[in-house]
Amino acid sequence: MLTWQHLLDFKANEYEEAADGWGEVSNRARAARDSVRSAMLAKLRDTQTSGAAQAAIHDLDQLCRNFQYIHAECGLIRTALNGFATEITGAQKNLKAALSEAQQLGFTVKPDGSVEYPMPTAVPFAPRSGNTKSTPPVLALPAGGESVDSNKRKAEDIAERIGAALRGAFEADTRYRSALSKLKAPRGVQVNDAVWADAGQDTKDVQKSAGRYLRKSDIPKGRPPAENKKWWNGLSQEERDQYVALYPASVGALDGLPATVRDEANRVVLAEAHGTTTIQLENWLKKEPDRYQTYISPYTGYRVKNGLVETAEWEKWDEEKRRIEGRLKGMESIQSRFAASEKSGRPAAYLIGFDNDGPGHAAISIGNPDTADNVVTFVPGTGANLSTVEDNVQRAEILQQRARFASPGSNTASIMWMGYDAPQDLGAAEDKKYADNARGPLSSFLTGIAAANGGNVNSTVLGHSYGTLVAGETMRDHPGLPVDNAILVGSPGIGVDHAKDLNIPPERVWAATAKNDPINLVPPQEGAFSILNPMAYKRLFDDHSILYGVDPASDDFGGKTFKVADGDPVDSPDFPAHSQYWENESLEKMGDIVTGRQ
């Protein structure tokens with residue numbers, strides 16, 4: 001049983017020293033993970049293809065997962081211990097204040113927390129002392145009044161404060177004891193998806209326990225990136241580490257913070273999301289309904305011999321299965337890119353945005369945008385989600401490689417920003433609500449990149465397809481945005497009729513549309529995309545208007561254009577001409593633009 005003497009004897013420094021020790025373990029695990037990735041795993045993956053090498057790659061990848069898990073869990077233990085010490089210290093402070101007052105008044109605090117106090121001597125026949133656990137009789141005075149026993153009231157107040165301190169300490173002890181008891185793993189545990197899913201629950205448990213010590217509400221939300229940066233810079237290193245450990249999703253989403261910090265936080269979010277989604281897939285596979293049913297001919301009404309068709313229930317189940325599998329594949333493609341580094345000839349990748357909500361969102365930078373001379377932010381269009389993230393990241397990397405070739409003396413970071421709910425099909429792309437909702441997030445992201453960089457960075461926004469509308473509306477509605485250049489490829493229109501409406505010099509606005517890009521078929525009215533089919537003819541209006549304003553690749557728009565190879569004809573089933581801008585002369589031109597050579 002917790003007594004006030006136990007609380008009085010509490011030594012916070014012992015827990016704080018233990019927290020420091022766990023923090024050191026966490027930091028060393030992070031350093032070991034980075035060392036294995038850059039010095040061993042990346043080189044092996046990029047240079048070796050033998051069976052033995054593949055086995056070694058698997059083992060090293062597992063080692064990285066182990067170190068990542070140790071880093072995350074030890075960070076939670078550190079935060080929990082510091083939170084416990086802080087909360088118990090607060091209760092101890094209140095106890096000491098009550099005991100000090102009791103001593104000054106000459107009261108005696110009993111081991112059980114009751115307070116003995118002297119009775120007023122002016123009252124005839126009064127006992128020499130009273131106790132807060134008893135109720136002495138009210139004594140009548142000769143004048144007919146009642147004794148005002150101030151000592152009794154003071155003693156009761158002190159006893160109540162002692163009790164409140166003990167109750168607070170007991171509640172905190174119970175809370176933290178529960179959370180800390182879960183932060184342990186059996187010897188020899190393999191850090192797999194189930195373990196990472198459990199780690200996600202650990203984070204939530206510690207948040208509930210330590211939320212009073214390190215409040216989530218103190219993290220800026222919806223504030224300008226400059227204010228986010230100021231808040232972060234005002235924290236001690238220990239506070240920063242604890243916020244990353246306890247609230248990785250909130251810190252990872254905070255525009256204006258260093259890319260290395262956001263990357264660290266988001267990698268934990270990614271690992272936990274992958275673990276949770278893997279468990280989700282395993283559970284979904286157990287629910288597979290019967291796949292086939294007998295086919296009845298609608299003409300004869302009889303069963304067709306050997307005729308089977310898939311059931312509607314199975315088709316619906318299979319659609320969800322493929323959605324989950326695609327999301328997992330996207331997460332795995334992000335994780336695999338972290339294995340590359342400058343030591344293996346490829347720039348390091350930074351995960352500066354990630355969540356598993358809706359279609360899924362991610363922002364991945366090839367190269368560090370905080371130290372770059374040039375930063376290009378690529379906004380993909382229709383169909384962008386976690387399942388398709390690998391292709392879009394490859395486009396960002398191809399452009400970064402071209403920029404390095406175009407300007408070897410400068411440092412370029414190429415970001416794939418999938419930070420909005422993109423329309424998932426051509427029909428949905430007829431609605432500009434997706435772009436409307438993306439304006440604020442993209443503006444904040446671009447401003448945050450500039451704030452974190454802190455230098456005179458040359459910033460370019462590259463929009464593709466529906467992403468050009470997102471970029472155009474954002475630049476149109478946010479004057480003063482830190483953007484120097486705009487590149488718009490395969491555009492259905494960008495929400496303005498002239499380049500000058502983008503709030504940068506028109507000569508810094510570049511556009512291109514491949515001759516056989518099916519986007520050329522889009523007329524300027526609602527329902528435009530519904531007419532697309534492989535046999536449709538090319539259609540451009542005399543005023544160059546398309547779905548969302550004047551075609552930015554036309555002379556009427558007032559910007560600059562660059563040449564794109566014709567590509568495959570529009571009757572090609574995959575419409576490759578809509579995605580060929582990261583090739584040949586158009587890629588060269590984009591590399592020149594983002595590095596300031598054009």
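The analysis underlying the following values was restricted to heavy atoms, covering all of them including side chains, and did not include hydrogens, waters or symmetry mates.
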Q: What I want to find out is whether D318 reaches R322 closely enough, with some N-O distance under 4.0 Å, to be called a salt bridge.
A: yes
Q: Who are the side chain to side chain contact (heavy atoms under 4.5 Å, CB included) partners of K500, not counting sequence neighbours?
A: H498, P506
Q: Looking only at heavy atoms, which two atoms of A372 and N453 are closest? And how far apart?
A: O-ND2, 3.1 Å
Q: Ion pair present between D263 and R267, side-chain N to carboxylate O less than 4.0 angstrom?
A: yes
Q: Within the 4.5 Å heavy-atom criterion, are W232 and K229 side-chain neighbours or not?
A: no
Q: Quick one: are Y420 and N437 in side-chain contact, heavy atoms under 4.5 Å?
A: no
Q: Show your working on side chain to side chain contact (heavy atoms under 4.5 Å, CB included) between R78 and S26 and close with a plain yes or no.
A: CA-CA 9 Å; R78 173 195 194 180; S26 178; over 6 Å; no
Q: Sequence neighbours excluded, which residues qualify as side-chain hydrogen bond (donor to acceptor under 3.5 Å, both in side chains) partners of D436?
A: K432
Q: For A253, check side chain to side chain contact (heavy atoms under 4.5 Å, CB included) against everything at least two apart and list the hits.
A: none
Q: Salt bridge (charged side-chain N to carboxylate O under 4.0 Å, His left out) with D370: which residues, sequence neighbours excluded?
A: none
Q: Could you go through R240 and V244, starting from their C-alpha distance and side-chain angles, then the distance that decides it, and tell me whether this counts as side chain to side chain contact (heavy atoms under 4.5 Å, CB included)?
A: CA-CA 6 Å; R240 293 174 182 174; V244 171; 5.6 Å; no
Q: Quick one, T460 and I487 - any side-chain contact, counting heavy atoms below 4.5 Å?
A: yes
Q: Is the side chain of D484 donor-acceptor paired with the backbone N or O of S459 at a distance under 3.5 Å, no angle test?
A: yes
Q: Salt-bridge test for K204 and E272: reply yes if a basic N is under 4.0 Å from a carboxylate O, no otherwise.
A: no
Q: Are there more than 12 heavy atoms of other residues, nucleotides or ligands under 6.0 Å from atom CG of D425?
A: yes
Q: Would you sort out whether Y213 and Q242 count as a side-chain hydrogen bond (donor to acceptor under 3.5 Å, both in side chains), showing the intermediate values?
A: CA-CA 11 Å; Y213 158 65; Q242 291 180 121; 3.0 Å; yes
Q: Any side-chain heavy atom of R404 within less than 4.5 Å of one from P347?
A: yes
Q: Flag the pair E319 and R323 as a salt bridge only when some basic side-chain nitrogen lies within less than 4.0 angstrom of an acidic carboxylate oxygen.
A: no
Q: Quick test of your reading of the model: are R212 and E171 salt-bridged, counting only N-O distances below 4.0 Å?
A: yes
Q: Do E238 and N82 pass the side chain to side chain contact (heavy atoms under 4.5 Å, CB included) test, and can you show the C-alpha distance, the side-chain angles, and the key distance before you say yes or no?
A: CA-CA 10 Å; E238 182 177 43; N82 276 330; 3.2 Å; yes
Q: Do I398 and E583 come within less than 4.5 Å of each other through their side chains, counting heavy atoms only?
A: no
Q: Considering residues at least two apart in sequence or located in another chain, which fulfil the side chain to side chain contact (heavy atoms under 4.5 Å, CB included) criterion with S209?
A: R175, Y176, A179
Q: Run the side chain to side chain contact (heavy atoms under 4.5 Å, CB included) test against R177 and tell me which residues pass, sequence neighbours left out.
A: D173
Q: Side chain to side chain contact (heavy atoms under 4.5 Å, CB included) for V457 and I449? Distances and angles first, verdict last.
A: CA-CA 9 Å; V457 61; I449 292 297; 5.8 Å; no
Q: Just wondering, do D241 and T79 contact through their side chains at under 4.5 Å, heavy atoms?
A: no
Q: I'd like to check Q207 versus Y247 (side-chain heavy atoms, cut-off strictly below 4.5 Å). Are they in contact?
A: yes
Q: Under a 3.5 Å cutoff, is there a donor and acceptor pairing between the side chains of T468 and S491?
A: yes
Q: Report, as yes or no, whether the 6.0 Å neighbourhood of atom CH2 on W22 holds more than 12 heavy atoms from other residues, nucleotides or ligands.
A: no
